[in-house]
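Quick caveat: nothing in here was measured; it's all calculated off a predicted structure. A, B, ... follow the sequence lines: proteins, then strands. Residue 1 opens every chain. Because only heavy atoms are used, hydrogens play no part in the values below, and waters and symmetry mates are left out as well, while side chains stay in.
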Amino acid sequence: MKTDTDNSADSDSSNFIHNMIAEDVANGKHQGLVATRFPPEPNGYLHIGHAKSICLNFGMAKEFGGWTNLRFDDTNPDKESEEYMSAIKRDVEWLGFSWKSLCYASDYFDQLYDFAVALVKKGAAYVDSLSADEIREYRGTLKAPGKDSPYRNRTVDENLNLLEGMKNGDFDEGEHVLRLKIDMASSNINLRDPAIYRIKKTHHYRTGDKWNIYPLYDYTHCLSDAIEGITHSLCTLEFEDHRPLYNWVLEQTQPAGRPEQTEFGPLNLEYTVLSKRRLIQLVQSGVVDGWDDPRLPTISGLRRRGFTPASLIEFCKRIGVTKSAAVIEMQVLENTIREELNESAPRRMAVLDPLKVVITDWPTDHVQALEVANHPNQPEAGNRTINFTRELYIERSDFEEVPPPKFKRLVPDGEVRLRSGYVIKCDEIIKDADGNIVELHCSHDADTLGKKPEGRKVKGVVHWVSASDSVQASVRIYDRLFNRENPMAEEDFMDALNPDSLSIFEHAQVEPNLASASPETRFQFERQGYFVADLDTSEAHPVFNRVVALRDTWAK
RNA sequence: UGGGGCGUAGCCAAGCGGUUAAGGCACCGGGUUUUGAUCCCGGCAUGCGUAGGUUCGAAUCCUACCGCCCCAGCCA
């Protein structure tokens, strides 16, 4: 059969969820509406794994003409805060997504309580007075069924009174818990009378001290979805086992909306950790410098590292959405930003580890202004002026007294092209008393500016800056945070930390125009990589972060 | 036989009974190049966890087996 050149694949992201939603819309399910939500708990900063969920939720709604809510799943005041909430909002906005409504599970506390009372009245929920330990024992194990709590058959009135008391703060934490009456022998442990309310006298960052009891996730989430009119509730795989419970609660409470949960595989990235708990540990232990440390896979860290929203979104598009436990290689992430910046980043020259070069046949005070292209393949990007002077700096690693095989940079008596400048020859190596190379004395071929040298080939090209017409800058080079592909496979993931994840070049010399670069502007430092002006940059102390190195087939 | 999932190349991932089994990343050549970059050209699964079966025809259907992931919070 002839496949009619699949127009269905025009949506560059065909995945099982997309297909399912497309089918729902085609069938007129939910009146053709696609309403999603992105529901983070404000207990930490968002990471790249959340970006996947954001792209999916907002992406599906947008594609099918629906809408998406940003909802804070704030039912555990012990861990949540205003700071996390604003950070999350900022990150979602930075990524470029707009929500229809800003929602809070805590806004539904009254409704949720009313539903709970109704459940008690119909005998579908009861107050249990077993201790946490006892409840665990009664729950049974993965293979053995649980058994009923002795409090399971309290009367409706008794339950109502106790629940009221719990709500009013008449009891201490842990004294009672409200449970759904489902099936203590279920093969699905989530259905063995899950707790839906616990007593907690913590101050809530939004509801203050109004509540002495807080609803739990399984009870809250499905009802929040229903209340908001969500049609497609997308979550990660670990909630697959919870879906029967999600549906049970909706069936019993009969809210107006009828959302459906669908699960997809969470993102895993090599050489890093993607769990709020681990990230909190890294931040609080001081191993990294805050939530926006450029080595972190947090949205704010990636932002400070120099990633753009477009590159992160492209990454999410490339990894796809499936139900398999995918572990994505770091190169996929790196490639998205490298690809974008290759197109958009203006070229500059920066010498991270300077070695002085004196052009002995260049007049002492002569300054030659060179017009240099901002982008080799884009004439429309224009030019900038850089000055050629008698004293220059080149990268220390671009000179080798005893070069390795195939080394095509500067060597004794050898020639090299100064990028956008002249071909120079190394005539003399100047060393200090300890034998360290302090400078190179070179001569230049005046007939090589913009032309090839006569009668010989010069293979190497090296970047440089004028010693007198460059400014000092601090340049931070980042490497992977962990040495192991999967840090979580270690006894303690902190043992897998890479001690060399950050190197700072305090005495880099860069083109003068770079001093005025405003934060978050990106450049390619030729032959080295893509860099972004850090938040801390200033005219007096320019600071750059390396986003990603250039591909380097020589280094391998 | 506790329940729920997943197995297509080094890593992702299309594919839904008939295609030479898409594409990306990675890798390996070759060409261009004043960035060892970019760009261009070419290569990269006789094979879809394994073994059987159904069928003219199977990655797609059936059966069995194997491997991996998740679940026993008053976390989400």
Looking only at side-chain N and O atoms, does Arg551(A) come under 4.0 Å of OP1 or OP2 in G36(B)? no
Is there a donor and acceptor pair closer than 3.5 Å between the side chain of Arg527(A) and the base of U35(B)? no
Whole-angstrom distance between U33(B) and C28(B), as gauged at atom P: 23 Å
Hey, does the side chain of Ser324(A) come within less than 4.0 Å of C12(B)'s phosphate (OP1/OP2), counting only N and O? no
Could you tell me whether the phosphate oxygens of A37(B), OP1 or OP2, come under 4.0 Å of any side-chain nitrogen or oxygen in Arg338(A)? no
Rounded to whole angstrom, note down the C1' distance from G29(B) over to A14(B). 27 Å
Describe the nucleic acid contact of Arg243(A) in one word from base, sugar-phosphate, nothing, applying a heavy-atom distance below 4.0 Å. nothing
Taking atom C1' in both C71(B) and U46(B), compute the distance separating them and give it to the nearest angstrom. 42 Å
Under 4.0 Å between any heavy atoms, over every strand shown, what does Gly265(A) touch: base, sugar-phosphate, or nothing? Just pick one. nothing
Can you tell me if the side-chain N/O atoms of Lys143(A) get under 4.0 Å from OP1 or OP2 in G3(B)? no
Is the distance from OP1 or OP2 of C74(B) to the nearest side-chain N or O of Arg136(A) less than 4.0 Å? no
Looking at A76(B) and Tyr217(A): do their rings stack (centroid distance under 5.5 Å, interplanar angle under 30°)? no
Heavy atoms under 4.0 Å, any strand shown: does Tyr197(A) hit a base, just sugar-phosphate, or nothing? nothing
Classify the side chain of Glu329(A) versus the base of G10(B) as yes if they form a donor-acceptor pair under 3.5 Å and no if they do not. yes
Could you tell me whether the side chain of Asn188(A) has a donor or acceptor atom within less than 3.5 Å of a complementary atom in the base of G4(B)? no
Which value, in whole Å, describes the distance between the P atoms of nucleotides C11(B) and A45(B)? 15 Å
Looking at Arg152(A) and Asp128(A), does any basic side-chain N land under 4.0 Å from a carboxylate oxygen? no
Under the 3.5 Å rule, do the base of G73(B) and the side chain of Arg198(A) count as making a donor-acceptor pair? no
Separation between the P atoms of G36(B) and G42(B), rounded to whole Å: 26 Å
Looking at every strand, decide which applies to Lys323(A) at a 4.0 Å heavy-atom threshold: base, sugar-phosphate, or nothing. sugar-phosphate
Can you find a donor-acceptor N/O pair under 3.5 angstrom joining the side chain of Gln524(A) to the base of U35(B)? yes
Categorize Val327(A) for me: base, sugar-phosphate, or nothing, with a 4.0 angstrom heavy-atom threshold over every strand shown. sugar-phosphate
Taking U19(B) as the reference, what is the distance to C25(B) when you measure between their C1' atoms (whole Å, please)? 24 Å
